[in-house]
Peer 1: 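Would you mind keeping the following structure in view while I ask a few things?
Indexing begins at 1, ligand by ligand and atom by atom, following the structure's order.
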Amino acid sequence: MKKMIFAVITTVLATTAMAQNNDFNYSVDRFADIEVLRYQVPGFEDLSLKQKELVYYLTEAALNGRDILFDQNGKYNLMVRQTLEDIYRNFKGDKNSKDYQAFLKYLKQVWFGNGIHHHYSMDKFTPEFSKDFFDKQFNALPDAKKRADDKKILDRVIFDPTFMAKRVNQADGEDLILTSACNMYEGVTQQEVEDFYNNLKDTTDLTPISWGLNCKVVKKNGRIVEEPYKVGGLYSKAIEKIVYWLQKAATVAENDGQRAYINELIKFYQTGSLKTFDDYSILWAEETKSQVDFINGFIESYGDPLGMTGSWEGMVNFKDMAASRRSKLISENAQYFESNSPVDNRFKKKNVKGVSAKVITAAILAGDSYPSTPIGINLPNSNWIRAQHGSKSVSIDNITDAYNKVAAGTGFNEEFAYSNVEVELMKKYLDLADALHTDLHECLGHASGQLLPGVDQDALKAHGSTLEEARADLFALYYLADPKLIELGIFTDKDTYKAEYYKYIMNGLMTQLTRIEPGKDIEEAHMRNRKLISEWCYQKGLKDNVIEYVKRNGKTYIRVNDYLKLRDLFGELLAEIQRIKSEGDYEAGRQLVETYGVKVDPTIHQEVLKRYEGLNIAPYKGFVNPIYTPVYDKNGKLTDVKISYTEGYIDQMLRYGQDYSPLTH
Ligand code: ZN
């Protein structure tokens, strides 16, 4: 599972906990609804030579899987990409012409979507260049004659909007396989695939493999068969390269546990056995000592309409030691936080164990994590492995930081915050306060509290997830202002919490509305939770004027007049929501959500949308990677790995298409 940032990032930071270069140029390119950024890899230089070598081999293993994802996303994606790149290189006409500019935009979109569909909406891109332009450019290619058959297909794939219109169709009542353009099935209907797997599955098996995770399902001689992705099978050329680099990585593993899981992953790629993949996942989940870690394989199944086949994904990372210590410190003091919360004693845990989340620095993004990338990951996905062997939950600090840095330059907070005081507060403290909010929410909030005996854990039904997120958020908000954080040395300034309080209320009451279409209610659980908390505190604090709407020059602003009273309100609501959860009080929960969390004031909504539009912020963001260059001595021994951040979007995409494209070269 992964946690993504979409659309608006409301956080703004100036100071950062990480040692970073402040003159770093984050923005790389902008086109369509996309902004491409670059990220820093702080701490890479401090790794040992052996760790750098390990990171380098793993990044090579990651980059070599790129073609697999393109092909999984659509049967003709590699052909489209290669042709467009050929045209780009061969082009000799007017680069300022409308057609050429539209062509360039389309090519950038195809790179970003890892195919002809939008990475998020899954809709097919619309080319804005003329068919004439394309014909002319194609025919000018040196091998155009040989590729006459390709041309017929390309015309349809690029120019016919009804052909392969959606990558993954989820519309109820349609044959999801026949109506989805992804390339994980061929010549089979949804019913046939479902019957095929129902026959194979043993419902009494308590440790089932992840059926279909690494294969394409096709019909051969009238029979349904799986074609596994493995050495000697589908995508063999790419997988052989991945295995080659993983084998090198195994020679410089940090410890035996890590070497064992790398070797198990190699075995999985060689055999295609999903039982081996489970063995690998267990070894991986249980190995927590090494600093360098990675994901490389068929992981998330959002790209398959039936949710079975994993899209190929790669990411290499290493633990951010300082930030991970912070989360550990919080976890170690879990009992203090539980015992001192404003919740009724009957609903508190007598022995609470915090969950220690790891904070990581991404070193390379690949496959399904590139260029659009998650900010948090929780793996493995197999439920029984998670239950019996645990999982790794990570937040990716340097990616979040890059998002925040870029958001800081958009003028977002300057537009929406009440005054310079709040803007400065957020500049100074929000980085740390936000990180702590996440730590407290993830490590303690969700883990706190208990149900009364006999209460069904699903008693809150459809409102369960909103109320659960509200509970975790309130736990975090309440403790952000607790002196314990100063005592633990996590905060040094007692005003730090105010930055998060202000941002939270401003977002909950106003700025998160930028993500809602006019006339619509709030539906998503996290957004409902934020509205619920902010609106409830606003209403309950009216008599003391805790939170206030202020009008100035025709614009509306939020002002927090009393931060300590706001903390009391957070505590009061936490106690009530914990009671609702502990007693399974469905009706009270429903009332809270419906009264405070769903409805939008249309006038404020309209105003927020208009002000946001004026800022001209790209709704989707993604990243280019840094370049890693190995340095060898005259005996061929690796002596260093250098990192650089100079590559642009087009250059990187062309280089990857050339150097990391085992399925097309
Ligand atoms: Zn949560």
Side-chain angles (χ1 to χ4, degrees), residues 1-11 300 323-324 326-327 330-331 334 337-338 341 343 347 349 352-360 374-379 381 383 386-387 390-397 399-400 403 433-451 457-480 497 500-501 503-505 507-508 512 515 522-534 536-537 570-571 573-578 580-582 589 592-593 596-598:
M1 283 161 273
K2 56 180 160 188
K3 192 167 153 195
M4 303 290 294
I5 286 195
F6 287 116
V8 191
I9 318 296
T10 52
T11 319
E300 307 288 354
S324 296
R326 184 186 70 214
S327 129
I330 297 279
S331 270
F337 293 103
E338 181 76 359
S341 87
V343 162
F347 310 142
K349 278 197 180 118
V352 66
K353 252 189 92 185
V355 186
S356 184
K358 199 165 81 163
V359 181
I360 62 168
I375 55 160
I377 300 174
N378 193 327
L379 290 173
N381 281 331
N383 283 318
R386 297 168 67 84
S391 61
K392 285 181 182 171
S393 176
V394 299
S395 52
I396 310 167
D397 241 16
I399 297 297
T400 307
Y403 277 128
D434 229 13
L436 252 294
H437 181 270
T438 307
D439 288 347
L440 289 164
H441 176 116
E442 300 291 349
C443 306
L444 301 180
H446 283 306
S448 79
Q450 64 178 2
L451 302 183
Q457 61 168 350
D458 297 323
L460 305 176
K461 296 180 210 161
H463 303 299
S465 46
T466 297
L467 292 164
E468 178 56 21
E469 290 310 321
R471 198 174 70 88
D473 262 359
L474 287 162
F475 196 96
L477 289 165
Y478 180 79
Y479 276 113
L480 275 176
Y497 78 95
E500 183 71 18
Y501 276 28
K503 187 211 82 176
Y504 197 93
I505 298 295
N507 184 47
Q512 71 164 346
R515 294 156 73 173
I522 301 176
E523 286 177 9
E524 201 272 328
H526 292 84
M527 293 182 70
R528 281 189 167 186
N529 134 51
R530 291 176 199 132
K531 177 68 162 52
L532 189 171
I533 292 175
S534 309
W536 189 92
C537 291
F570 287 147
L573 185 56
L574 171 61
E576 171 60 3
I577 290 182
Q578 183 61 58
I580 288 171
K581 172 154 180 160
S582 293
L592 264 188
V593 176
Y596 301 102
V598 180

Peer 1: Kindly indicate, with the supporting measurements, whether the criterion side chain to side chain donor-acceptor pair (under 3.5 Å) is fulfilled by S582 and Q578.
Peer 2: CA-CA 6 Å; S582 293; Q578 183 61 58; 2.9 Å; yes
Peer 1: In terms of ring plane angle, is the pair H437 and H441 parallel, tilted or perpendicular, where the classes change at 30° and 60°?
Peer 2: tilted
Peer 1: What is the ring orientation for F570 with Y504, classed by angle as parallel under 30°, tilted 30 to 60°, or perpendicular over 60°?
Peer 2: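 Judged by the thresholds at 30° and 60°, the geometry between F570 and Y504 is perpendicular.
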Peer 1: Looking only at N, O or S atoms, which one in H446 sits nearest to the Zn ion (ligand 1)?
Peer 2: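 Of all N, O or S atoms in H446, the Zn ion (ligand 1) lies closest to NE2.
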Peer 1: Is the Zn ion (ligand 1) less than 2.8 Å from at least one N/O/S atom of H441?
Peer 2: yes
Peer 1: Side chains of R528 and S465: any donor to acceptor distance under 3.5 Å?
Peer 2: no
Peer 1: Under 2.8 Å from the Zn ion (ligand 1), is there any N, O or S atom belonging to E469?
Peer 2: yes
